[in-house]
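Heads up: the structure comes next, in structure tokens.
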Amino acid sequence: MSLQIKNLVVYYQTLSGYVKALDDVTLSIRDGEIMGLAGESGCGKTTLGNSLIRLEPPMKYIKGDVELDGEKLPIWNSSQMNVFRFKKISIIPQYAMNALNPTIKIGKLISELLSSRKFNYKKIKPELERRLDLVELTHDVLSMYPIELSGGMKQRMVLVLSTLLDPSLLIADEITSALDVSTQKAVAEMLVEFRNRKIVKSMIVITHDISILYQIADSILVMYAGKLAEKASTDVMINTPRHPYTKLLISSLPKVGVRYAEKKLSGIPGNTPLLLDPPIGCRFRDRCPVAFDRCFKEPPFIEIEKDHYIACWKECI
Amino acid sequence: MIKLENVSKIYRTGTFGGKLLPAVVDVSFDVRDGEVVSLIGESGSGKSTIGKMILCLITITSGKILFDGVDISTLRKGDLKNYYYNVQGIFQDPFSSYNPIFKADRIFSIIRQEFFPKIKDSQWNKKVDSSLKAVGLNPDQVLNKFPHQLSGGQLQRFLIARALLLDIKFLVADEIISMLDASTRVDVLNLLAELKSKGLSILFITHDLSLGYYISDRATILYRGCIVEMGDTKKIYFDPVHPYTKMLMASVPRLDKKWEKVEVELKAKQAEITEGCVYYERCKSPHKNKKCAFQRPELVEVSPDHFVSCYL
Ligand SMILES: Nc1ncnc2c1ncn2[C@@H]1O[C@H](COP(=O)(O)OP(=O)(O)O)[C@@H](O)[C@H]1O
Ligand SMILES: Nc1ncnc2c1ncn2[C@@H]1O[C@H](COP(=O)(O)OP(=O)(O)O)[C@@H](O)[C@H]1O
Ligand code: SF4
Ligand SMILES: [Mg+2]
Ligand SMILES: [Mg+2]
């Protein structure tokens, strides 16, 4: 097991109280696994990714354990996490490239980052150049400023940068979302290539776009309103999902070949609950077409078949 | 309904407007009565520029846009107002169309002041109610609320409801569902499809190919301001001819099929202005030749209602 998370609870501290963005998350990711993390905006995907590597205010660690390759991660302590960040666990945050200092050339940026971790830029440069080749970037990007790169070039650059020290786990948060389809495909396939070459051992690929995950992920985890809803292998998740939310979500996606005139799709009525004061019991209850009495209690996230986990009362009786 | 004839738009950029940027190049197509046409292309291909020209928000550099046979660039004052009574646009980010300090339904009162200054309160309220119901909103639940109290899907439907107050005939929908979550996207798509069945014509602008197929009768593929392929949606999606369209279709992440190994030529950083085929630099077709580099291929009808701009 590469990553193991047990009963992780992380909230946001706000003036009106806790936003319960991540409640009781338990899951594991195997060596070599690319796990897709999907769900509607606001369900807690970014919060889960950030919790594992930079849990900073207003985020607040409530409880839970995280182990990476058998070693406990002190996620509640930002300075102790420094030892792991970038070396053992790395993240490509949402909107990563826009956060880089625009006045420093990319090569210099990398060299500063490396020396802050006591690595030598000159020594690593040959490997850096091989990785640039791998993502089809010319070496002269190192002498460019971040703004000179197109969206797709930026994402490939951050991919190289964040995996330079061969971390065990890479978290990629919406890195294909703002790209055009052809660039999106190229970047997504590069993620797989980085795993295949064992540059990183396992990955969490966060996106709201399930069809991308169908292309590249080994397993998919769907979240709903701060809770885990279902996790299974990619094929099971797409073809035979069991959680009512996952079923509705997947059937609402427009597919090439499906037209309104021939087959009308439907959305999921209702809105996601506010996480400041989430409903008791199953958080999907008031939108769920099969909800019953028992759903006023919280459904546990349990394994109903090998490697198929689900939090729903209807499916676990 | 709407007809574009050899429409071009050249922006002047640079410090003194010294650089010319051809954003739309010699584009001709039409949207017929009660038809949905998708305008598809990657970012920067000129989709919004076409939408804005149709809405008279920017001038046309050359060519003509006709609405029911009338050249829209000749419209002034009363006629222009009448045009907006028939033609409206909705844009990508629903939140940016609202002022957060006013209630969301203020967008309706603006329409009232502008187009219906003499209408009675009771009559107006009825009109607003029926228009909200037409877009699947419950007036009691959504009126009198601030924008942040409504979801993205609700705000987007509000904008469609506003357009319906005017009894419009033509709607420019520019990426209106890109920002929405999967579970509400399809509701807005269904709404557009229902409006179409009641006679509304729609130009559906999107960079997301999986959305274009669901509601559109015809599709137009734009690359760097030029139409490379257009026609019957089914033909464009299942029988694409232009190398660019083929590459696009092979890149769409689908839920029924895994990606095949196709070579994707990553987008060039800044393309040069060219006399030849706009796709020349990125084209991987084995039939690519010298002529492609110097002379732009014309749009040719390769089968009924299927046009392609490529020497093949
Ligand atoms: N800084 C913050 N302060 C308070 N609440 C936040 C903050 N950031 C995110 N949230 C809330 O936490 C929840 C999960 O957000 P996020 O993890 O960003 O979702 P996702 O990435 O799935 O879209 C949302 O309800 C969001 O409103
Ligand atoms: N007001 C403007 N001034 C100068 N260039 C512009 C302006 N608006 C758009 N452009 C340029 O025109 C091209 C087409 O833009 P746009 O129509 O917005 O494309 P799309 O909607 O397909 O993404 C782009 O290269 C863009 O940078
Ligand atoms: S636990 Fe109940 S409400 Fe929740 S998804 Fe299952 S059936 Fe629906
Ligand atoms: Mg996020
Ligand atoms: Mg646009």
Side-chain angles (χ1 to χ4, degrees), chain A residues 38-43 135-137 144 148-153 156 176 178-189 207-216 234 238-239 245 248-272 287, chain B residues 36 40-45 150-154 177 179-190 192-194 196-197 207-217 233-234 237-238 244 247-259 261-270 282:
Chain A
E40 290 172 81
S41 62
C43 71
V135 299
E136 294 172 46
L137 284 174
M144 289 189 202
E148 294 179 76
L149 274 58
S150 71
M153 290 169 78
R156 284 177 279 151
T176 59
L179 305 176
D180 291 307
V181 280
S182 55
T183 322
Q184 199 174 52
K185 177 170 187 274
V187 171
E189 285 176 338
T207 170
H208 63 279
D209 189 346
I210 295 185
S211 49
I212 299 261
L213 296 180
Y214 180 61
Q215 307 297 326
I216 62 162
T234 297
I238 301 300
N239 300 313
Y245 173 63
L248 289 173
L249 186 65
I250 288 172
S251 66
S252 74
L253 302 175
K255 296 153 194 87
V256 173
V258 173
R259 306 185 89 159
Y260 175 84
E262 290 142 22
K263 180 171 178 251
K264 187 177 163 186
L265 302 173
S266 51
I268 310 177
N271 292 314
T272 47
R287 297 172 84 185
Chain B
V36 178
I40 297 166
E42 56 197 31
S43 64
S45 58
L150 300 166
S151 71
Q154 284 173 322
I177 54 180
M179 300 276 289
L180 304 180
D181 264 314
S183 70
T184 42
R185 266 184 178 188
V186 69
D187 292 329
V188 175
L189 278 178
N190 285 341
L192 292 181
E194 274 160 39
K196 163 198 147 82
S197 67
H207 69 278
D208 187 336
L209 286 121
S210 58
L211 300 177
Y213 191 84
Y214 186 59
I215 56 165
S216 66
D217 304 294
T233 305
K234 277 193 177 152
Y237 276 76
F238 289 102
Y244 178 62
M247 193 271 292
L248 274 186
M249 295 302 162
S251 303
V252 184
R254 296 172 54 159
L255 277 178
D256 56 344
K257 208 165 113 188
K258 301 251 164 145
W259 277 329
K261 266 267 161 252
V262 284
E263 244 189 290
V264 171
E265 181 59 24
L266 289 157
K267 192 157 131 190
K269 229 177 52 185
Q270 196 72 59
R282 279 171 86 186

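All figures in this text were calculated on a predicted structure; none of them were measured in a lab. Protein chains get the first letters and strands the later ones, always in sequence-line order, with residue 1 at the start of each.
- For the side chain to side chain contact (heavy atoms under 4.5 Å, CB included) test, residues two or more places apart in sequence or in another chain that qualify with Q215(A) are P253(B), K258(B), W259(B).
- Judged by the 6.0 Å distance and 45° axis criteria, R259(A) is positioned over the aromatic ring of Y213(B).
- Heavy atoms of I238(A) lying under 4.5 Å from chain B belong exclusively to its side chain.
- Most heavy-atom pairs under 4.5 Å with chain B: of the set P269(A), G151(A), P254(A), this distinction falls to P254(A).
- Counting heavy-atom pairs closer than 4.5 Å to chain B, the top residue among S266(A), G257(A), S252(A) is G257(A).
- Only the side chain of I216(A) comes within less than 4.5 Å of a heavy atom of chain B; its backbone N, CA, C and O stay farther away.
- Heavy atoms of L265(A) lying under 4.5 Å from chain B belong to its backbone as well as its side chain.
- Only the backbone of S216(B) comes within less than 4.5 Å of a heavy atom in chain A; its side chain stays farther off.
- Checked against ring-ring contact (aromatic ring centres under 6.0 Å, His included), Y245(A) has the following partners two or more places apart in sequence or in another chain: Y224(A), F284(A).
- Of all the listed residues (A182(B), S197(B), G212(B)), the one sharing the greatest number of non-hydrogen pairs under 4.5 Å with chain A is A182(B).
- Ionic pairing of R282(B) and E42(B) is present here: one or more N-O contacts between side-chain nitrogen and carboxylate oxygen are shorter than 4.0 angstrom.
- If you take OG on S211(A) and CG on D208(B), they are separated by 7.5 Å, rounding to the nearest 0.5 Å.
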